[in-house]
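Below: one structure, written as structure tokens.
Start at 1 and go down the list; that is how both ligands and their atoms are numbered.
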Amino acid sequence: MKKKTLLFRLAALVILAVFIPSCSSSTIKEAKVSSKTYKDPKASVEVRVKDLLSQLTVEEKAGQMLQVERNYLSSSDIKNYGLGSLLSGGGSTPRENSPEGWIDMLEGYQKQASKTPHAIPLIYGVDAVHGHNSLLGAVIFPHNIGLGAANDKELMKEIADATSEEMLSTGITWNFAPCVAVAQDPRWGRYYESLGEDPQRVSELSGPYISEMQDKYNIAVTAKHYTADGGTKWGTGYSGGIDQGNSSISDEELRKIYLPPYENAVKNGAKTIMVSFSSINDIKCHANKHLIMDILKGEMKFKGFVVSDYNGIHQIPAKSTYDKVVTAVNSGIDMFMEADYWKQTLDSIIKAVKAGDIKQDRIDDAVSRILTVKFELGLFENPLGNKQLIKNQVASDAHKETAKKAVRESLVLLKNENSILPIKNNTKVFVSGPASNSVGLQCGGWTLDWQGNKRQPVGNTILDGFKQMASQSGGEIITDPEQATKADLSVVVIGEESYAEYEGDDASLTLDSGKALSGNMSALKFAYSLNKPTVVIMVSGRPRIVTDEIDKWNAFVEAWLPGSQGDAVAEVIYGKYGFKGKLPVTWPKDSKNLPAKANNNILFPYNFGL
Ligand code: GLC
């Protein structure tokens, strides 16, 4: 044999030796189709699941258990590994952030999935937590804490409808919402994602949202974060804060406060539940087999699938990724929301099943739950959802009107000396303050970007609404401080920076520290100097400490995070609609003795509102 040929063959062998182990270890190349019954839409879900499951290799089963963040994919991963799900993390949007841009992107992913032997469609998830907030131009609704104040079950259905229609316009059929946290401590950066501190109200409002979104639009919801994410203690959380911390609770508190919203979610047919990063009595929820297998899947008979939080399993205290994965799977988690380490997680599942560290029936339980949801959603027939269900398009007037109604009903009137509100006809109003003219600040976190207020959402500001109402009532709006003395009264709109998760943890909660906007106090002081009646509106995801300032205010309105239709705030301030909102949380006097209610640290009690 010529020397040259020999060398060439040797080189080829070396290259093969290098590549085969890495790409063959967990690819689905052994997959074979032995029956097509599962493809028959007339067959029952149970029959389809059983038929499909029975012919999957362990590599295919593990692939279905992986949800990978889209930025961590390389071109042929979906096809090679038979991935079951993808997600857009906060701010992870297609180059062209339009319905067409999303559809093109998702069609590309689903096309890859259709090329696998069993052609199991992907299920794609996003956080549409206050409208389809990843989509540019989407209507952004008030965050949950404002909906807790509105306390309107019908409104929750309308919001679910609008959000579903805007999601289906982009081909997405899985929403990581509603958050059913029962928030206790306003220092928590996720306080605004909660419908309030009362588990009953959290259940009553999340239930209609869940059943509307799933039953009318075939979009899977996610009740999150299981559980007691809202009960953590300051100092036990991420970098010494409170988010992802530890809830030291009795079994009675667990069952009275933190389980009921999940019992309610399961009763309403929630198809997925997301596990909390946090711990209960120092056990990570992601490693808590009793909580997931015994209580959720056992007692509550949850039939959907359990998904981990983002890279959440890597926080499990164990010496290797393999051990973390084995612990997480055996604790009852069915799907793994992964980014950086998704391939190690996939390999670990396959290795652990082959080694017997994970039992076959645990894997089959996980995969049958995942496949059941995919068949129930009709993904094998409509991988991008059923667009026939869309009645109103993205940013339609109908969706905007729903959002304006939510804004109006969420406002809480906490003080109104001499009935200074509503503002009378022909009034000259000086409007100031750092949150008076910013759609980004009105929307807060989880809006286009994870932390919000970066790319500006489409919408109307509170100031826009004041100008609108003044023109309808013969009044005048003044924004130039030089002209302020001409005004009859002063309105100051103060607020918070936008934030999400642990970035929003705030130890102090005063008006000029932590996540408070830097312009709050200067705007207030200037208004005080005018010696005119002063109305304060606060745009915030939670109560802040107003005890030392509120005596200087003639009226005080909490607007929470109203979203893109902030102009609706003025419709209530000018009396076109009455105040309806009631506090969904206790408003503390100070930020030392928290949670407020438990420490009798109360400026305004739960359910207060004039
Ligand atoms: C985040 C949040 C969770 C969200 C997920 C995907 O870390 O904890 O609420 O659904 O990751 O963005």
Side-chain angles (χ1 to χ4, degrees), residues 66-73 85-93 123-135 143-145 163 167 172-183 188-195 202 206 209-210 213 219-232 237-239 241-245 247 261-262 265 270-279 284-286 304-316 328 333 335-342 444-452 498-505 541:
L66 258 291
Q67 174 179 60
V68 179
E69 209 290 329
R70 56 181 278 276
N71 286 309
Y72 292 82
L73 279 177
S85 176
L86 302 179
L87 80 139
S88 279
S92 174
T93 54
I123 180 168
Y124 197 96
V126 292
D127 295 272
V129 295
H130 59 148
H132 189 359
N133 40 255
S134 297
L135 170 67
H143 268 297
N144 278 352
I145 192 160
T163 305
M167 285 180 70
I172 298 172
T173 58
W174 183 10
N175 187 5
F176 304 133
C179 175
V180 293
V182 184
W188 186 31
R190 308 198 76 162
Y191 202 73
Y192 66 78
E193 296 187 59
S194 166
L195 290 158
V202 171
S206 53
Y209 182 94
I210 289 170
M213 184 164 276
I219 289 177
V221 305
T222 306
K224 70 183 188 182
H225 311 78
Y226 186 70
T227 188
D229 52 344
T232 55
Y238 187 93
S239 66
I242 184 170
D243 186 38
Q244 305 188 11
S247 301
Y262 291 92
K271 293 185 190 298
T272 85
I273 285 177
M274 188 185 295
V275 181
S276 178
F277 283 121
S278 58
S279 304
K284 275 279 178 190
C285 291
H286 278 73
F305 68 81
V306 176
V307 63
S308 69
D309 203 335
Y310 192 92
N311 282 341
I313 63 171
H314 303 285
Q315 293 185 14
I316 292 172
I333 298 177
M335 183 181 279
F336 297 90
M337 182 188 291
E338 289 282 283
D340 325 55
Y341 322 104
W342 71 267
W446 296 106
T447 311
L448 294 178
D449 295 289
W450 181 43
Q451 295 295 320
S498 296
Y499 52 81
E501 302 190 53
Y502 47 81
E503 302 280 359
D505 284 355

Please give the N or O to N or O pairs under 3.5 Å between ligand 1 and the protein, distances rounded to 0.1 Å.
from     : atom 1 : to   : atom 2 : distance (Å)
ligand 1 : 7 (O)  : D309 : OD1    : 3.4
ligand 1 : 7 (O)  : E501 : OE1    : 3.3
ligand 1 : 7 (O)  : E501 : OE2    : 3.2
ligand 1 : 8 (O)  : R190 : NH1    : 2.8
ligand 1 : 8 (O)  : D309 : OD1    : 3.2
ligand 1 : 8 (O)  : D309 : OD2    : 2.6
ligand 1 : 9 (O)  : R190 : NH2    : 2.8
ligand 1 : 9 (O)  : K224 : NZ     : 2.9
ligand 1 : 9 (O)  : H225 : NE2    : 2.7
ligand 1 : 10 (O) : D127 : OD1    : 2.5
ligand 1 : 10 (O) : K224 : NZ     : 3.1
ligand 1 : 11 (O) : D309 : OD1    : 3.2
ligand 1 : 12 (O) : D127 : OD2    : 2.6

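- Remark: Y191 pairs with no residue by the ring pair (Phe, Tyr, Trp, His ring centres under 6.0 Å) rule, at least two apart or across chains.
- Take D243 and apply the side chain to side chain donor-acceptor pair (under 3.5 Å) test, not counting sequence neighbours, and it matches W188.
- Distance alone, capped at 3.5 Å, places no donor-acceptor pair between the H225 side chain and the Q244 backbone.
- Within the 4.5 Å cutoff, the side chain of V129 has no heavy atoms near those of the C179 side chain.
- Applying the salt bridge (Lys or Arg N to Asp or Glu O under 4.0 Å) test to E503 and every residue at least two apart in sequence or in another chain returns nothing.
- The aromatic rings of Y238 and Y502 lie parallel to each other, with less than 30° between the two planes, well short of the 60° mark.
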